[in-house]
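What's counted below: heavy atoms across the whole structure, side chains too, no hydrogens, waters or symmetry copies. Start at 1 and go down the list; that is how both ligands and their atoms are numbered.
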Amino acid sequence: MAGGGFTVDSNVYGVNARLTASVVISCIVAASGGLIFGYGIGISGGVTTMVPFLEKFFPSILRRMENAKNNTYCIYDSQVLTAFTSSLYIAGLVASLFAGRLTRAIGRKSIMVLGGFTFLVGAAINGAAFNIEMLILGRILLGFGVGFTNQVSGIYLSETAPSKWRGAFNTGFQLFIGIGVLSAYVFNFFSAKLYWGWRLSLGLAAAPAIIMGLCALLISDTPSSLVQRGKLEEARRSLLRIRGVESDIEAELNDLVKASEATSAVNEDPFKSIFERQYRPHLVMAVAIPFFQQLTGINIIAFYAPVLFQSVGFGSDSALLSAIILGSVNLTSILVSTFIVDRYGRKVLFMEGGIQMVVCQVTIACVIGATLGVSANESMSKGYSILVLVLMCIYAAAFRWSWGPLSWLIPSEIFPMRIRPAGQSISVAVNFVTTSILAQTFLTMLCHFKYGTFLFYAGWITVMTIFVALFLPETKGVPLESMHKVWEQHWFWHRFVSRAPPSDLQKPTD
Ligand code: BGC
């Protein structure tokens, strides 16, 4: 549907649905899954600049900082330090793959509760850590928690929100990631002043886990998931609650039942079906979108904002303060996406965001290159450091209204029910794998490529912007059960899907 000529068929229930308090509350709770993810991301960057933490777990970095005022780009280049950061993502990857199968059996809501609980245990172990093993074990449990919740939060939101507002509700997930990151930065800022501050920062990860886990206990599962697990009466009650008692929910319920029957009739493994030719476009997007999201280079900023600001000349205190400024800009920008995504569509945000990010990355590379040069044995002047901070804010704002929320939204809305959890699992897994590889390599890359690191990411953003322009169909306002049409009408993908059955509503013929 490249040009917006798509019209929804008789299935207009999702389009005309009203906003009820129940749908709003359920979606806020599902989106709050982003809280623990954000806290996990934000906390490690700050904690790894705290001297007592480094003294206890990474003394070699402290020695390097003291002895070698040599090359600012390389101070933090430590494989152990990055292993600490990226262990969360490796664990998340494993959990998200399990979650895809588990969610079919126990439902979306139970996976969210499980995610909150695992994260809570991880936080407790991290806060009490007295050796590096405990630190990494705790971080792995945090990763399991995040893997579970990230897999289901997006699906929950897309299956529950009326199609007309699906995009806006989904941006809630990124909003909560932003709140999580910002709270982590704020806690770090204050706890950095205490000797045991790092324990406090790491232990406080229990708070978002408790908030999310307890709230998840109070909401009902999604109608799709309930139907799929044979709980028809509960599904009807859940639909009535979220669509409003006076709504006619029968058409929507019928479609869910048909989709579920088609799914169970073939008794197949969705992780195999997803490789069928008819799902090629879906699979390509499930892999490409999260892969590209990470290659925007956002985690340079999200993980290492404090480290980076310190590297470019801020002191330890002001490094955290700058990260807080950045975090606040992020929150405001996500709201831009919330207002635009269902009104003007996904692609316009992808395009504008992409161009803005490229311009900022190239300018940052020029400023750092011109001031620090290649050897970087001088520190950057306050003026230039502030300029870098401003450019990073503009870059991060663009990410927050484009690739940030949209990379979670697109995979959650493009799959037919038959392969939705499998598709979402693959997507989350790709996100984690790419994040951990980049986390593991970024500091080394900064050390060797210097300011060229930013040009590397600018190149990737150019590629992904062109990719989206050519290959991603617009999905704004399309009910999930009619989504097959956007592929059938796409200039490139139609050849893969046009002869396929409307995947959810008819029985697959293979
Ligand atoms: C990304 C994360 C990133 C975060 C920043 C998310 O959408 O998946 O990798 O750290 O946004 O807020």
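- The ligand atoms of ligand 1 that sit less than 4.0 angstrom from a heavy atom of W408 are 6 (C), 7 (O), 8 (O).
- Ring-plane geometry between F53 and F57 is classed as tilted, the angle between the planes lying from 30 to 60 degrees on a 0 to 90 degree scale.
- For ligand 1, the atoms closer than 4.0 angstrom to any heavy atom of G404 are 7 (O).
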Show your working on side chain to side chain contact (heavy atoms under 4.5 Å, CB included) between I340 and W401 and close with a plain yes or no. CA-CA 9 Å; I340 290 189; W401 62 61; over 6 Å; no
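- Rounded to the nearest 0.5 angstrom, K347 NZ and S402 OG are separated by 14.5 Å.
- Heavy atoms of N330 found under 4.0 angstrom from ligand 1: none, in either backbone or side chain.
- For S158 against R166, the heavy-atom pair with the smallest separation is OG-CD, 3.7 Å.
- Annotation: T435 places no N or O atom under 3.5 Å from an N or O atom of ligand 1; distance criterion only.
- For Y344, the OH atom counts as loosely surrounded, since its 6.0 Å shell holds 12 or fewer non-hydrogen atoms of other residues, nucleotides or ligands.
- Within the set R400, Q174, Q293, the minimum heavy-atom distance to atom 11 (O) of ligand 1 is found for Q174.
- Less than 4.0 angstrom separates some heavy atom of Q294 from each of these atoms of ligand 1: 1 (C), 2 (C), 8 (O), 9 (O).
- Note on ligand 1: F399 sits in its first shell, one or more heavy atoms being nearer than 4.0 Å.
- Ring planes of F37 and F432: perpendicular class, angle over 60° (limits at 30 and 60°).
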